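Remarks on the structure that follows.
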Amino acid sequence: MNWKIEIASALLVLLSLVAAPAWVLHVESEAAAAHEASPARVITLTAVAAGGIWTEEEVAGHNYWRRQPEPARTVVLSGENVVIRLKSADVSHSFSIPELEVGPVAVEPGKVSVVRFVAPAPGEYLIQCSTRCGPCHEEMLGTLVVLGSGETLADYPPGLLPPRTKCPNHGSAAHSEGGDR
Amino acid sequence: MTGKTQNADPPNEGTVAVGDKGRTAQPRVGGGSPAWRLDLLAVIPGLRWLVKRRWLQFAVVFPNLVFFYLFLIAGVFGSPVGNRNIIIIFVWILWWFLLITLMVPFASRVWCTVCPFPFFGEWLQRGALIGTRVGKPGVGRNRMFGLNLRWPKALSNIWLQNFGFLGLCTFSVALVTRPIVSVFVLGGLFVVATILHLVFRQRAFCNYVCPVSGFLSLYSMTSMLEVRSKEAEVCSKCADKGCLAGNESGWGCPWFMYPSRMDRNNYCGLCTECLKTCPYDNMTLRLRPFCSDTRIKGYDESWKAFIMLTLALAYSMTLLGPWATIKDWANASETGQWGGFALYAASLWMSALCILPGVFFGSVWLGRLLGGGAPKPLKDLFLGWSYTLVPLGLLAWIAFSFPLIFVNGSYIISVLSDPMGRGWDLLGTADFKWTPYHPELLAWIQVPLLGIGLFFALRTGYRFAQSRFGSTRSSILGFSPLAVLLTAIACGFLRLFVG
């Protein structure tokens, strides 16, 4: 047995075990960096039809089926350049913030749609889905909280999200207790 | 049950040289002109050199292993949407299509040559990726690590594979649409393969456990490629028996076969070790006619044929058919219709294990009655004729698989650029839209395919009848009930495919 060849092949195998995920991380960071060229707050929101949620959490193969992510309550500062990267974890959605005239923007699985805007006056704004995406579509909500100078999230209790009735098993209790501010 | 540990049956087909370099002919079961064989090592320049390289298997498995690893990463961290994740598109559309339409009919178990499942297990077992070891402890003359236990004799058949495959296929809708389910199943098989290599000798996992291997073993009987010995006499006089026991040039057959006596493709994983170990260059790769191996040796193999045919029917209904209710039952993990799923699963198992075999047995029994003459053993007729389901089943699977690639093949182009469905665009094709390619042509492909399957089923069935009943009249009468059943099954598929 030629030990040099054996060791070289073994190193090749072990190297590939490290290189493959490293390559994935590299490509992913390159893709995200493409949206960070200008100084801006970059936020990634993922639409999940099952449960009707916009979420800031990472939704991937390993967690989509076993737990529900938290609905997004995205915080930015008034006057900030905002870039929102939009993904879908399942079906076709569309993203809109009607009060800010942002969207609707189509959000397709496997794609990243991008919306850019300047964060307006302080307040909380409802994020909606305007493509019927499933039985929980009507409750597919999230909010964008724009903080003014010196404000914190504590200044916006309990949030705009209405109680969830159609899909009560999804999302956190805190959000289901919410109402108009 | 079929004991496969060493193929002890004497070769029933002697090779006869008929002229041209590399061309030989073999007697055919049931008479008729000898079937041709083409020695590929003699006619393809460089092939002999290639198959004798020790690095060959590593060179073909390693890239596949890397892709498999990336697929698992994509399944875990990529999009949960099936058509946006490479593990679903490449495994269940591209790989499946290539496997069933090209690899199995034309290259036998070549998939086993490149399969990544046993990679780590075999590495640990051999303590080598490329080279060979000689010495003790081990198997034959080869030094091997691990416990090297013998696989239990009671399980030395493909029943485990039959039930495993049927079990997996019961949940196939989730398996072929949800990346994480594919990760658990494929990753699980990888882990099991590694463990079993450390406990049992050689490729016990591949031979007796791997659910893919089960149907490959059956359908490779039809394949146009075979590994065989050239001259039986050379093998009988060979004292080295390196193909069986291993030597400095290679490992003893990891599939528990005695290559020099091998007369069927079923349990040859085309690892090419016997081509390396033979001191007389007496093993070779040959091209041969479609459906050359026609002998089913045990009920485990017969039932594999029943299971595969039933699954082809069930998949055609659930994945291609218009019956929304059945689709919802099969897709219970999403629809929540678990009562319907129980009914679907029970029907599937009953059909595969009892109803189809029962109807088949009835046809065989009636055929024996109609054929007349001296009483024929029912077991012999049942096993012999059950081969007819092999070409019919394979061609039905091929016909079923064409819509997958014609209708959903365009996903391959987009996932090449965005394998994890995370918004990448590596090759600039991520925005390639889903485009069905000429679905109107599908019927023109599927109907002839089913026709070919039925033709080979009827031909081999009739030839077997001739070998058992003798006269033409008795053969026709004896085979007629089964011929009606086979034709009815083909018509059922036609109804499903073209309405």
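All figures in this text were calculated on a predicted structure; none of them were measured in a lab. Chain naming here is simple, since letters A, B, ... match the order of the sequence lines and numbering starts at 1 in each. Computation of the quantities below employed the complete heavy-atom set of this structure, encompassing side-chain atoms and omitting hydrogens, waters and symmetry-equivalent molecules.
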Problem set entry | Carboxylate-amine/guanidinium proximity below 4.0 Å for A:E58 and B:R422 | yes
Problem set entry | Contact leader toward chain A among B:S333, B:P80, B:G131, B:A128, where contacts are heavy-atom pairs under 4.5 Å | B:P80
Exercise. Using a heavy-atom distance cut-off of less than 4.5 Å, which residues of residues 87-96 of chain B contact chain A?
Worked result: none
For this session: Taking heavy atoms only and a threshold strictly under 4.5 Å, list by residue number the residues of residues 184-196 of chain B that touch chain A; give 'none' if the list is empty.
Result: none
For this session: Go through the side-chain N and O atoms of B:W424 and A:E28 and say whether any donor and acceptor fall under 3.5 Å apart.
Result: yes
Please list every donor-acceptor pair under 3.5 Å in which a side-chain atom of residues 62-79 of chain B meets a protein atom from a residue at least two apart or in another chain.
| residue | atom | partner | partner atom | Å |
| --- | --- | --- | --- | --- |
| B:N64 | ND2 | B:V114 | O | 2.7 |
| B:Y69 | OH | A:L17 | O | 2.8 |
| B:S79 | OG | B:V81 | N | 3.0 |

Problem set entry | Residues in residues 425-436 of chain B near chain A [non-hydrogen atoms, under 4.5 Å] | B:L426, B:A430, B:D431
For this session: Could you have a look at B:T132, B:V415, B:V181 and say which one has the most heavy-atom pairs with chain A under 4.5 angstrom?
Result: B:T132
Seminar exercise, completed: Assert top hit (heavy-atom pairs under 4.5 Å, partner chain A, pool B:R54, B:R84, B:E248, B:M420) equals B:R84
For this session: List the atom of A:G110, the atom of B:D418, and the distance in Å for their closest heavy-atom pair.
Result: O-OD2, 2.7 Å
Problem set entry | Residue among A:S88, A:A10, A:S113 with most heavy-atom pairs under 4.5 Å to chain B | A:A10
For this session: Determine the option with the most heavy-atom pairs under 4.5 angstrom with chain B, choosing from A:I5, A:V24, A:N2.
Result: A:V24
Exercise. Side chain, backbone, both or neither: which part of B:W123 has an atom under 4.5 Å from a heavy atom of chain A?
Worked result: side chain
For this session: Name the option with the most non-hydrogen atom pairs under 4.5 Å to chain B; the candidates are A:V59, A:V13, A:D90.
Result: A:V13
Exercise. Quick one: of B:G421, B:P179, B:G82, B:S414, who has the most non-hydrogen atom pairs under 4.5 Å with chain A?
Worked result: B:G421
Exercise. Using non-hydrogen atoms only, which part of A:K111 is less than 4.5 Å away from chain B: side chain, backbone, both, or neither?
Worked result: both
